[in-house]
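Step one of this worksheet: look at the structure below.
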Amino acid sequence: MDRDSVLASLLRRLETVSKLDPADIAAIRSLPIAVRHWEGARAIVSDGERPSESCLVIEGFCIRSKTTEAGQRQILSIHIPGEIPDLQSLHLRRMDHDLLTLVPSTLGFISHASLLTLTHARPNVADALWRDTLIDAAIFREWIVNVGQRPAPARLAHIVLELRRRLAVTRGAEPATFEFPLTQEQIGEALGITPVHANRIIRQLREDGIIDVSRGYVQVLDETRLADLAQFDDRYLHQDPAA
DNA sequence: GCATTAAATTGGC
DNA sequence: GCCAATTTAATGC
């Protein structure tokens, strides 16, 4: 895999919302990146560890999660190509949650040392990464509202619409069918409901002709009713073009 | 890993 | 007290 395609999604995401000079882009392109392939459902970094590098998702899907003493896991976020889910480890040395792959994935590891050199040399890049991190926080806030306040079918509908919108930033389109590689148990862990209930609402949404979640994909069957159910307002994603 | 059901619980009205 | 949403427990693919 050549360097351009390794960085294409990241650059597309950053440039959508931040102004970068040719020199900024060149500096990002010259980052040393170790590309590695990862099996599905395998830890990348775990709670308590002190990583010395951050991980760019190049292909595949990752999640962040946290598990209680009692063994209950909460899925905190879903990550797609072009994102750096553990950028925070650059400044918060010790991991406070787990990062793992959902499916076989291609990952790019970038050392903290080279990221610090880059951000110190290129303030625009530092700003862009800061903005990216703040958007990440906004997505977390929405996730909390989702899990804490919406009825279960709306929780699933909302996550589906958000993921499609985020995928569209790098893919350029919002298709009716796209990857959604979570098992029903994982959907339950993301939505804060039991697997039985996850199964029930998936079936209900399918029978109602709104979405069909199966075999690692979602198919949107009725855009209007899905939007109505999810009450999805993309303002929190802050994708307004760079000034 | 997914699907279904019966019984119990919870919170709102 | 009723109703809807959801959990718990159990079972069969």
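The chains referred to below are lettered A, B, ... by the order of the sequence lines, with proteins before strands, and numbering in each begins at 1.
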Touch class at under 4.0 angstrom, heavy-atom based, for T194(A) against every strand present: base
Along DNA chain C, first and last positions that approach a heavy atom of chain A under 4.0 Å: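 Range of nucleotides within reach of chain A: dT6(C) to dA9(C).
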Nucleic acid contacts of residues 211-221 of chain A, taken as heavy-atom distances under 4.0 Å to DNA chain C: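 When residues 211-221 of chain A is checked for heavy atoms under 4.0 Å from DNA chain C, there are no hits whatsoever.
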Atom CZ of F140(A): over 12 foreign heavy atoms under 6.0 Å: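 Correct, the count exceeds 12.
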From L237(A) atom CG to E142(A) atom CD, the distance as rounded to the nearest 0.5 Å: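 Spacing of CG (L237(A)) from CD (E142(A)) equals 8.0 Å.
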Check ion pair E53(A)-R36(A) (N to O, under 4.0 angstrom): yes
Donor-acceptor side-chain pairing of T101(A) and R42(A) below 3.5 angstrom: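 No - no donor-acceptor pair under 3.5 Å links their side chains.
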Side-chain H-bond candidate by donor/acceptor type, R200(A) with H197(A), under 3.5 Å: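 Yes - a donor-acceptor pair under 3.5 Å links their side chains.
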Contact state string [nucleotides 3-13 of chain B, B base, S sugar-phosphate only, - no protein heavy atom under 4.0 Å]: BBB--------
Residues which pass salt bridge (Lys or Arg N to Asp or Glu O under 4.0 Å) with E223(A), listed by chain and number, not counting sequence neighbours: R164(A)
Partner set under side-chain hydrogen bond (donor to acceptor under 3.5 Å, both in side chains) for R141(A), not counting sequence neighbours: none
Whether W38(A) and F109(A) hold their rings parallel, tilted or perpendicular, with breakpoints at 30° and 60°: tilted
Matching residue for Q184(A) among I201(A), N199(A), V196(A) - test: side-chain contact (heavy atoms from CB on, under 4.5 Å):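 When side-chain contact (heavy atoms from CB on, under 4.5 Å) is applied between Q184(A) and each of I201(A), N199(A), V196(A), only N199(A) qualifies.
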Non-neighbouring partners of D240(A) that pass side-chain contact (heavy atoms from CB on, under 4.5 Å), sequence neighbours left out: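 side-chain contact (heavy atoms from CB on, under 4.5 Å) list for D240(A), sorted by chain: H238(A).
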